[in-house]
Amino acid sequence: MAYYRTGIYPKNLTNPHSVRLLGKGLVLTDGDEWKRHRKVVHPAFNMDKLKMMTMTMSDCSRSMMSEWESELGAKGGLAEIELSRRFEELTADVISHTVFGSSYKEGKQVFLAQRELQFLAFSTFLTVQIPGFSYLPTMKNFKTWSLDKKVRGMLMDIIKTRHANKDEKLREEIAMECGDEMPTGDMLNKLKMVNMFLLETLRLYSPVLLIRRKVGTDIELGGIKMPEGALLMIPIATIHRDKEVWGEDADEFRPERFENGVTRAAKHPNALLSFSSGPRSCIGQNFAMIEAKAVIAMILQRFSFTLSPKYVHAPTDVITLRPKYGLPMILKSLKL
């Protein structure tokens with residue numbers, strides 16, 4: 001009752017099988033760790049994304065019903081169909097397509113392997129857990145270890161493929177909106193993913209690392225009094241990687257953080273300062289963004305590319321940020 005009154009609901013981490021099945025994610029974490037996981041996962045379930053998944057859900061359902069119709073047709077229009085298993089398979093199909101996208105076949109294998117782990121974990125819930133027993137070479141443990149290794153291996157392969165194909169997503173958007181045509185202004189306005197990609201690049205590698213501003217009149221900022229004429233230095237690069245502003249993944253390249261616009265990407269609406277902000281913001285920012293979108297669109301229409309082994313990651317500040325040793329890339333023509 002004390003836990004209920006204080007609003008604390010600690011999770012049971014004593015069963016190694018349930019921990020292996022569920023991981024230390026939303027279900028088995030508490031406090032700040034739960035908040036962090038919730039924040040990371042929550043955007044995947046916003047209504048706009050769910051609406052986009054509706055067609056996939058409908059396609060999977062239609063495929064299942066087509067199988068039913070084939071069975072009914074073969075049996076004179078009347079047949080007994082075991083729905084529990086079919087609905088489980090439907091769930092596996094929907095999750096595999098919506099979560100894993102082009103890797104849906106591998107995703108379905110992950111889902112089915114996890115279902116086996118689910119039954120193994122459930123079989124231990126009412127069993128007294130003897131310390132160290134889960135490490136003994138029993139048949140059940142061997143099966144669990146094998147499935148766990150299989151799931152983790154498949155997930156890592158899918159993740160590696162996703163990382164390797166991030167520019168395929170951009171290319172698909174460009175192909176859909178521009179085709180093989182020269183990009184127009186209207187086309188560029190529809191390139192949402194390209195825009196998110198550019199904004200995240202500008203966040204991590206802002207063209208200008210810091211800016212200075214002169215206080216025009218006596219003012220108080222964050223509890224600190226600033227006299228007229230005082231010079232302020234604003235460290236853009238530091239702000240752009242501040243975990244209190246951008247979250248624990250501030251050092252990671254995650255374009256999807258800009259999915260709901262610049263003002264909702266961080267804890268402060270004006271956290272992105274790549275072009276400064278307010279009346280002294282860069283007058284050429286729209287020009288720069290349009291140019292970048294057009295160039296990226298035309299490159300991805302024609303080439304695939306990877307970093308050269310000669311590349312050395314060494315950003316350097318020469319008034320603006322630039323690669324100290326250049327940016328050698330290996331290009332491959334998509335037209336030949």
Side-chain angles (χ1 to χ4, degrees), residues 31-40 42-43 46-48 185-186 188-297 313-324 327:
D32 291 338
E33 186 71 5
W34 179 88
K35 290 179 182 178
R36 186 177 72 82
H37 281 280
R38 177 81 180 188
K39 182 180 179 182
V40 171
H42 182 72
N46 68 41
M47 284 307 299
D48 288 337
D186 288 339
L188 294 179
N189 285 336
K190 296 177 182 178
L191 299 180
K192 184 177 179 181
M193 291 185 67
V194 173
N195 190 59
M196 289 158 51
F197 163 84
L198 284 172
L199 291 173
E200 181 69 339
T201 302
L202 287 168
R203 182 186 71 84
L204 289 172
Y205 300 101
S206 181
V208 178
L209 299 185
L210 59 87
I211 54 176
R212 296 177 178 87
R213 291 292 182 262
K214 186 176 182 179
V215 178
T217 185
D218 292 351
I219 192 173
E220 185 174 316
L221 296 174
I224 301 175
K225 293 182 178 180
M226 303 286 180
E228 180 182 351
L231 292 176
L232 302 180
M233 186 177 293
I234 304 170
I236 295 175
T238 303
I239 294 171
H240 281 185
R241 291 177 182 258
D242 190 335
K243 293 183 179 180
E244 290 187 10
V245 178
W246 295 94
E248 290 299 315
D249 59 358
D251 290 324
E252 299 175 20
F253 184 79
R254 291 188 61 247
E256 57 269 26
R257 74 176 78 247
F258 290 100
E259 189 171 29
N260 296 314
V262 173
T263 58
R264 298 176 65 183
K267 293 180 181 178
H268 192 285
N270 296 318
L272 188 70
L273 296 169
S274 302
F275 295 108
S276 185
S277 185
R280 295 296 297 268
S281 62
C282 177
I283 196 170
Q285 60 180 301
N286 290 333
F287 175 89
M289 289 296 286
I290 291 173
E291 178 190 9
K293 287 181 188 178
V295 172
I296 289 173
H313 190 66
T316 186
D317 183 19
V318 188
I319 301 181
T320 56
L321 193 69
R322 59 191 62 224
K324 185 175 183 178
L327 185 59

Flag the pair R280 / I211 as yes when at least one side-chain heavy-atom distance between them is below 4.5 Å, and no otherwise. no
Got more than 12 heavy atoms from elsewhere within 6.0 Å of CZ, R213? yes
Least distance between heavy atoms, P315 atom then L321 atom: CB-CD1, 3.9 Å
Do you know the tightest heavy-atom contact between S206 and S274? OG-CA, 3.5 Å
Side chain R203, main chain A250, donor-acceptor under 3.5 Å: yes
Is it the case that more than 12 heavy atoms not belonging to Q285 sit under 6.0 Å from its CD atom? yes
Shortest non-hydrogen contact between E252 and R257, atoms and distance: O-NH2, 3.3 Å
Starting from the C-alpha separation in whole Å, work towards a yes-or-no answer on side-chain contact (heavy atoms from CB on, under 4.5 Å) for L273 and H240. CA-CA 8 Å; L273 296 169; H240 281 185; 3.9 Å; yes
Would you give the length of the straight line joining atom CE of M193 to atom CD of E259, rounded to the nearest 0.5 angstrom? 9.0 Å
Between E256 and E200, is there a side-chain heavy-atom distance shorter than 4.5 Å? no
Does a side-chain heavy-atom distance below 4.5 Å link D218 with P227? yes
side-chain contact (heavy atoms from CB on, under 4.5 Å) between I296 and L191, worked out: CA-CA 11 Å; I296 289 173; L191 299 180; over 6 Å; no
Donor-acceptor contact below 3.5 Å, side chain W246 vs main chain A265: no
Gap between atom CG of L204 and atom CG of L199 - 0.5 Å precision: 11.5 Å
M289 versus L202: any side-chain heavy-atom pair under 4.5 Å? yes
Working to the nearest 0.5 angstrom, can you tell me the gap between I219 CD1 and I224 CD1? 12.0 Å
Counting only heavy atoms not in L221, do more than 12 sit closer than 6.0 Å to its CG atom? yes
Stepwise, does the side-chain contact (heavy atoms from CB on, under 4.5 Å) test hold for L210 with M233? CA-CA 7 Å; L210 59 87; M233 186 177 293; 4.1 Å; yes
Is the closest side-chain heavy-atom distance between I236 and I239 below 4.5 Å? no
Taken to the nearest 0.5 Å, the spacing of R254 CZ from D249 CG works out to 4.5 Å
Interatomic distance, R212 atom CZ to I234 atom CD1 [nearest 0.5 angstrom]: 11.0 Å
Rounded to the nearest 0.5 angstrom, the NZ-CD distance for K225 and E220 is 6.0 Å
Does F253 have R241 sitting over its ring (NZ/CZ under 6.0 Å from centre, angle to axis within 45°)? no
